[in-house]
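See structure below.
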Protein chains: 2
Amino acid sequence: MSPAAMDALPPLAPVDREESLAGKVYRRLRAALMSGRLSPGQKLVHRLLAQEMQVSPTPVREALLRLVSEGGLDLDARGIAWVPRLAPERYKEIMELRVELEGRAAARAAELATPEDIAALRAIHARVAEGRLRNDARMVLTENELFHFHTIALARMPVLQRMVESLWVQAGPTINLLFTVPRPVAPQDHPHVALLAALAARDPVAARAAVERDLREHGAVLADMLARPAAPAG
Amino acid sequence: MSPAAMDALPPLAPVDREESLAGKVYRRLRAALMSGRLSPGQKLVHRLLAQEMQVSPTPVREALLRLVSEGGLDLDARGIAWVPRLAPERYKEIMELRVELEGRAAARAAELATPEDIAALRAIHARVAEGRLRNDARMVLTENELFHFHTIALARMPVLQRMVESLWVQAGPTINLLFTVPRPVAPQDHPHVALLAALAARDPVAARAAVERDLREHGAVLADMLARPAAPAG
DNA sequence: ATTTGGTGTTTGCTATAGCAAATGCCGGTT
DNA sequence: AACCGGCATTTGCTATAGCAAACACCAAAT
């Protein structure tokens, strides 16, 4: 085998092993954070969770600690895990970092995306738009997330991707709590459409600008909601 | 207590609790990664580590899994933790992200730093320069790290700071393995000096540029070393 | 020299138990 | 009604045990 052929070989993939129980629990909790099924202020007690999930406490504890490590859960003074309530400044910081990192990923994606990649994104965006028409918040959130992470994956920057995931985990409960379906916009006005055009045109600058616009518009709405004083107790 | 006085109160600090054993182990391992005492390719077996540290395996396992979660350690197909060897592309991605995130922190720090902050940074930098004069790699690395994280802390962006720490943990073993003390430069030519001047002048653009220059110069040297084929076996 | 099979050891992962500290509940007192 | 004390329960954290799979080592066969 010549050196050139070695260079052309894909890297060896790790041998798939059955996922551990702790890994399964972690994924479920992580998805629950990103999708808002776990709400800000919720307490997660590993023994109780273990009972609910009908597993022993050790893997649940491990899963919770993983999520703490990536910022998705906070520990209180006693070591109990809680879903964080985002202060406005924290939310603002997270969104600022998303603008930068997701914008960077989009720019890179514009250099690397294939027509098939772009077609897949179009299909996802069509479902985002449908969710908007149907005023279906769950659908919009789910497909929007899929759209974003599909885009980011095109950039082939694994460290950045993991960072962005962590930001989504951190912001997920709050975003989902506050989210209302935006009014439908004219199809050509949606930032996703601008991003798709930029990807097709292999234009990194336009791709970044589209993502920035998307996140800034969306982020400003929620930032306003967060900055309001809490409603009087009903 | 009037609303204005409430706004002026510092946030309640969490009650300090004695750090758990797992937390202690985590900190030690993390510091070992950042400082290079753990080398790329090293295998970390939780039972053996527990014996060395004279603690039981559970907290060691928890500490290792935390470090896996933040990217500092990789798991192989069998679930064993290893200190990662950085491929050139991975190193490049990490440095690119550091340039962006640390640059951003420096720009923010330029807006927020007090004269006392800047004096403290000068003192740290003086020790960096001394380490260079003495050709003391350990001293340079230690003080340089202190300089960087002192700067980042001035930005008061906790999410960003945690991300940067994670990047340092990921790159620490490789950087320390390859590091050689750069030749001393004229004092005014060191990027830290440019950063200090930018902080004093409250100039975010110059601050960012100084950090970018620092990281790019340093990063290019190591990227070259990583890109070279491994030396023939001796 | 290489391959195969058997055996012992290692290792991750999970389950369980137990300790100490914190929390919650209830009754009694003011 | 509010406060206090006693007791039971909860909870994090750690230690230990055990299972299954993987690995390492060695001897025998080719």
Side-chain angles (χ1 to χ4, degrees), chain A residues 12-33 38-85 233, chain B residues 12-30 32-33 38-85:
Chain A
L12 282 181
V15 176
D16 281 348
R17 61 185 173 104
E18 177 108 31
E19 187 164 39
S20 68
L21 199 47
K24 289 188 174 97
V25 172
Y26 164 76
R27 277 179 192 284
R28 277 179 60 181
L29 291 176
R30 190 163 175 267
L33 284 167
L38 290 173
S39 300
Q42 209 165 339
K43 175 160 85 164
L44 301 182
V45 177
H46 74 260
R47 272 179 167 129
L48 297 184
L49 268 188
Q51 281 170 15
E52 285 177 36
M53 292 176 164
Q54 295 185 325
V55 296
S56 71
T58 306
V60 175
R61 177 174 164 79
E62 284 179 14
L64 289 178
L65 291 177
R66 279 178 76 177
L67 287 164
V68 169
S69 273
E70 73 179 66
L73 297 177
D74 284 346
L75 292 183
D76 68 10
R78 195 179 160 196
I80 301 179
W82 296 78
V83 182
R85 301 182 200 272
Chain B
L12 283 180
V15 177
D16 281 348
R17 62 184 173 103
E18 176 111 33
E19 185 164 40
S20 67
L21 198 49
K24 289 187 176 100
V25 172
Y26 164 76
R27 277 180 193 285
R28 278 180 58 182
L29 290 176
R30 190 163 175 268
L33 284 168
L38 290 173
S39 300
Q42 208 164 340
K43 174 159 85 164
L44 301 182
V45 176
H46 74 259
R47 272 181 166 127
L48 297 184
L49 267 189
Q51 280 171 15
E52 285 177 38
M53 292 175 162
Q54 296 185 325
V55 296
S56 71
T58 305
V60 176
R61 176 175 166 78
E62 284 179 10
L64 289 178
L65 291 178
R66 278 178 75 177
L67 286 164
V68 169
S69 273
E70 73 180 66
L73 297 176
D74 284 345
L75 293 182
D76 67 10
R78 197 177 158 199
I80 300 178
W82 295 78
V83 183
R85 302 183 200 271

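All chains are named by letter (A, B, ...) in the order of the sequence lines, taking the proteins before the strands, and each is independently numbered beginning at 1.
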Atom [atom1] of [X] to atom [atom2] of [N]: distance rounded to whole Å?
X: Q54(B); N: dT14(D); atom1: CD; atom2: P; result: 17 Å
X: L49(B); N: dG12(C); atom1: CG; atom2: C1'; result: 14 Å
X: I80(A); N: dG24(C); atom1: CD1; atom2: C1'; result: 13 Å
X: L21(B); N: dA20(C); atom1: CG; atom2: C1'; result: 15 Å
X: L44(A); N: dT10(D); atom1: CG; atom2: C1'; result: 16 Å
X: E19(B); N: dG12(D); atom1: CD; atom2: C1'; result: 15 Å
X: Q51(B); N: dT9(C); atom1: CD; atom2: C1'; result: 13 Å
X: E52(B); N: dT11(C); atom1: CD; atom2: P; result: 11 Å

message: Between L49(B) and E52(B), is there a side-chain heavy-atom distance shorter than 4.5 Å?
response: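 Sidechains of L49(B) and E52(B): in contact.
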- prompt: Is the shortest heavy-atom distance from the side chain of E62(B) to the side chain of R61(A) under 4.5 Å?
  reply: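 E62(B) reaches R61(A) side chain to side chain.
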State, to 0.1 Å, how close [X] and [Y] come at their nearest heavy-atom pair, and which atoms those are.
X: R85(A); Y: P40(A); value: NH1-O, 3.8 Å
X: G72(B); Y: P84(B); value: O-CD, 3.2 Å
X: H46(A); Y: V60(A); value: O-CG1, 3.6 Å
X: L29(B); Y: L38(B); value: O-CD1, 4.0 Å
X: L73(A); Y: A81(A); value: CD1-CB, 4.1 Å

Protein-nucleotides 18-23 of chain D N/O pairs under 3.5 Å:
| unit_1 | atom_1 | unit_2 | atom_2 | d |
| --- | --- | --- | --- | --- |
| dG18(D) | O6 | R47(B) | NH2 | 2.6 |

- prompt: So which nucleotide from dT11(C), dT14(C), dT16(D) ends up closest to the side chain of L48(B)?
  reply: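 The nucleotide sitting nearest to the side chain is dT11(C).
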field: Per E62(A) side chain, nearest of listed nucleotides dT11(C), dT14(C), dT14(D)
entry: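 Nearest nucleotide to the side chain: dT14(C).
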query: Any N or O donor-acceptor pair linking the side chain of S20(A) to the base of dT14(C) at under 3.5 Å?
result: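 Donor-acceptor pair under 3.5 Å: no.
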- prompt: When you check the phosphate oxygens OP1 and OP2 of dT11(C), does a side-chain N or O of H46(B) lie under 4.0 Å from one of them?
  reply: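 No, because none of the side-chain N or O atoms of H46(B) sits under 4.0 Å from OP1 or OP2 of dT11(C).
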query: Does R61(B) have a side-chain nitrogen or oxygen under 4.0 Å from the phosphate oxygens OP1 or OP2 of dG12(C)?
result: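 No.
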